[in-house]
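Notes follow the structure.
Predicted, not measured: the structure shown is a model, and the values here were computed from it.
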Amino acid sequence: MKAKFALALFLLNIGFAFSQDDEKIKRKFFPQFELAIPIIGNQYEPEDPNERKSFVAFNGISSRVGYGLHFTTWFSLSAHSGIEFKIREKLVAAPVYANFTINPVMRDESCINLQLGYGHSFALGRGNLSGIYKRANIGIENEGILIFLEISEHRLEFGEVNRISSFSIGIAYRNY
């Protein structure tokens with residue numbers, strides 16, 4: 001695992017070195033920042049029967065950052081890490097994953113954005129607990145601002161639970 005991490009850092013370092021020499025190559029590398037809020041169906045009944053209850057409830061917050069490479073205007077590959085907090089599951093996790101993006105241009109500066117991610121998730125504060133992390137999101141991107149819907153899954157086995165899935169809505173910024 002350490003060798004793979006060292007290799008990934010080495011390749012990113014080579015990208016930084018070449019990106020300073022040529023303006024055309026420099027624009028192919030990009031950072032990405034994401035903020036997402038997991039939502040769940042509200043299962044709690046209000047105490048007062050006249051009180052309205054919300055259909056959905058927030059279940060935490062996720063923040064991730066990544067750095068990637070555009071192969072063409074439609075395809076990119078990036079490495080990401082971050083921190084995710086799930087309230088109902090009482091989980092704080094740090095996913096590290098590779099992200100493949102397809103973003104066909106619709107019109108002008110707008111494009112549809114489909115991202116698929118796969119990697120490893122580390123539960124923080126739960127000893128040596130780790131497992132597989134998967135995510136997929138779809139959204140609309142305009143001038144580097146992306147609004148998306150996301151499905152993610154942590155395969156962490158603690159107690160009777162062996163996977164934690166969530167549906168999130170979020171916003172991301174990609175600087176091309």
Side-chain angles (χ1 to χ4, degrees), residues 1-39 59-86 91-106 109-124 130-156 163-176:
M1 183 68 176
K2 288 182 182 179
K4 290 180 184 177
F5 182 73
L7 178 63
L9 284 178
F10 175 74
L11 291 175
L12 281 175
N13 201 11
I14 288 175
F16 281 123
F18 283 119
S19 69
Q20 295 174 4
D21 293 338
D22 187 19
E23 183 66 29
K24 188 174 180 182
I25 293 174
K26 184 177 182 182
R27 285 183 281 146
K28 287 187 175 185
F29 290 94
F30 66 91
Q32 179 172 332
F33 307 97
E34 296 181 11
L35 187 62
I37 299 174
I39 55 176
N59 190 30
I61 192 163
S62 301
S63 177
R64 295 178 289 261
V65 64
Y67 193 74
L69 171 67
H70 260 289
F71 296 108
T72 67
T73 56
W74 277 39
F75 300 103
S76 64
L77 185 65
S78 54
H80 290 259
S81 183
I83 191 159
E84 297 188 4
F85 174 60
K86 310 280 190 232
L91 173 71
V92 178
V96 178
Y97 60 96
N99 201 38
F100 177 71
T101 305
I102 302 171
N103 50 345
V105 176
M106 292 184 334
E109 294 289 321
S110 299
C111 61
I112 296 174
N113 190 294
L114 173 66
Q115 296 184 9
L116 303 171
Y118 186 83
H120 207 76
S121 179
F122 302 93
L124 303 177
S130 65
I132 295 173
Y133 176 75
K134 295 186 258 183
R135 77 185 283 260
N137 75 20
I138 188 165
I140 302 288
E141 182 176 352
N142 189 5
E143 296 181 5
I145 303 292
L146 169 66
I147 297 178
F148 61 89
L149 299 174
E150 172 187 81
I151 297 173
S152 64
E153 178 182 82
H154 297 269
R155 292 246 175 134
L156 302 170
R163 66 176 68 172
I164 297 169
S165 301
S166 66
F167 176 76
S168 304
I169 186 167
I171 188 166
Y173 175 69
R174 293 164 42 128
N175 186 9
Y176 299 116

Gap between atom [atom2] of [Y] and atom [atom1] of [X] - 0.5 Å precision:
X	Y	atom1	atom2	value
Asn59	Ser166	CG	OG	7.5 Å
Ile147	Asn137	CD1	CG	12.5 Å
Ile171	Ile37	CD1	CD1	10.5 Å
Ser110	Ile140	OG	CD1	7.5 Å
Cys111	Asn142	SG	CG	8.0 Å
Trp74	Leu114	CH2	CG	12.0 Å

With a 4.5 Å cut-off on side-chain heavy atoms, are [Y] and [X] touching?
X	Y	result
Pro95	His120	no
Ile164	Leu91	yes
Met106	Ile112	yes
Phe29	Leu69	yes
Thr101	Asn113	yes
Lys28	Phe71	no

Handout entry: salt_bridge(Arg64, Glu150) N-O dist < 4.0 Å
Key =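 A salt bridge is present here (some side-chain N lies under 4.0 Å from a carboxylate O).
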Handout entry: Salt-bridge criterion met for Glu84 and Arg135 (N-O under 4.0 Å)
Key = no
Exercise for the section: Taking the six-membered ring for Trp and the full ring for Phe, Tyr or His, determine whether the centres of Tyr97 and Tyr133 are under 6.0 Å apart. Expected result: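 That pair passes the under 6.0 Å test.
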Handout entry: Aromatic contact, Phe75 with His70 (centres under 6.0 Å)
Key =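 Judged by ring-centre distance (under 6.0 Å), Phe75 and His70 do not meet the cut-off.
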Exercise for the section: Begin from the C-alpha positions of Phe30 and Asn175 and carry the test side chain to side chain contact (heavy atoms under 4.5 Å, CB included) through to its verdict. Expected result: CA-CA 5 Å; Phe30 66 91; Asn175 186 9; 5.6 Å; no
To check you understand the geometry: which heavy-atom pair defines the closest contact between [X] and [Y], and what is its length?
X	Y	result
Leu35	Ser63	CD1-CB, 4.2 Å
His154	Ser121	ND1-OG, 2.7 Å
Phe85	Val92	CD1-CG2, 3.5 Å

Exercise for the section: Report the C-alpha distance between Phe122 and Val96 in whole Å, list the side-chain angles of each, state the deciding distance to 0.1 Å, and finish with yes or no for side chain to side chain contact (heavy atoms under 4.5 Å, CB included). Expected result: CA-CA 8 Å; Phe122 302 93; Val96 178; 4.1 Å; yes
Practice task
Answer yes if the side chains of Lys134 and Ser152 hold a donor-acceptor pair under 3.5 Å, and no otherwise.
Solution key: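 Lys134 vs Ser152: no donor-acceptor pair found between side chains.
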Problem - Residues that Ser78 engages under side chain to side chain donor-acceptor pair (under 3.5 Å), provided they are two or more places apart - result: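 If we apply the side chain to side chain donor-acceptor pair (under 3.5 Å) test to Ser78, skipping adjacent residues, the hits are His80.
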Practice task
Identify the residue among Asn103, Leu146, Ile102 that makes a side-chain contact (heavy atoms from CB on, under 4.5 Å) with Gln115.
Solution key: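 Going through the options one by one, the only one that passes is Leu146.
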Practice task
Would you indicate whether Leu124, at its atom CG, is surrounded by more than 12 heavy atoms from other residues, nucleotides or ligands within a distance under 6.0 Å?
Solution key: yes
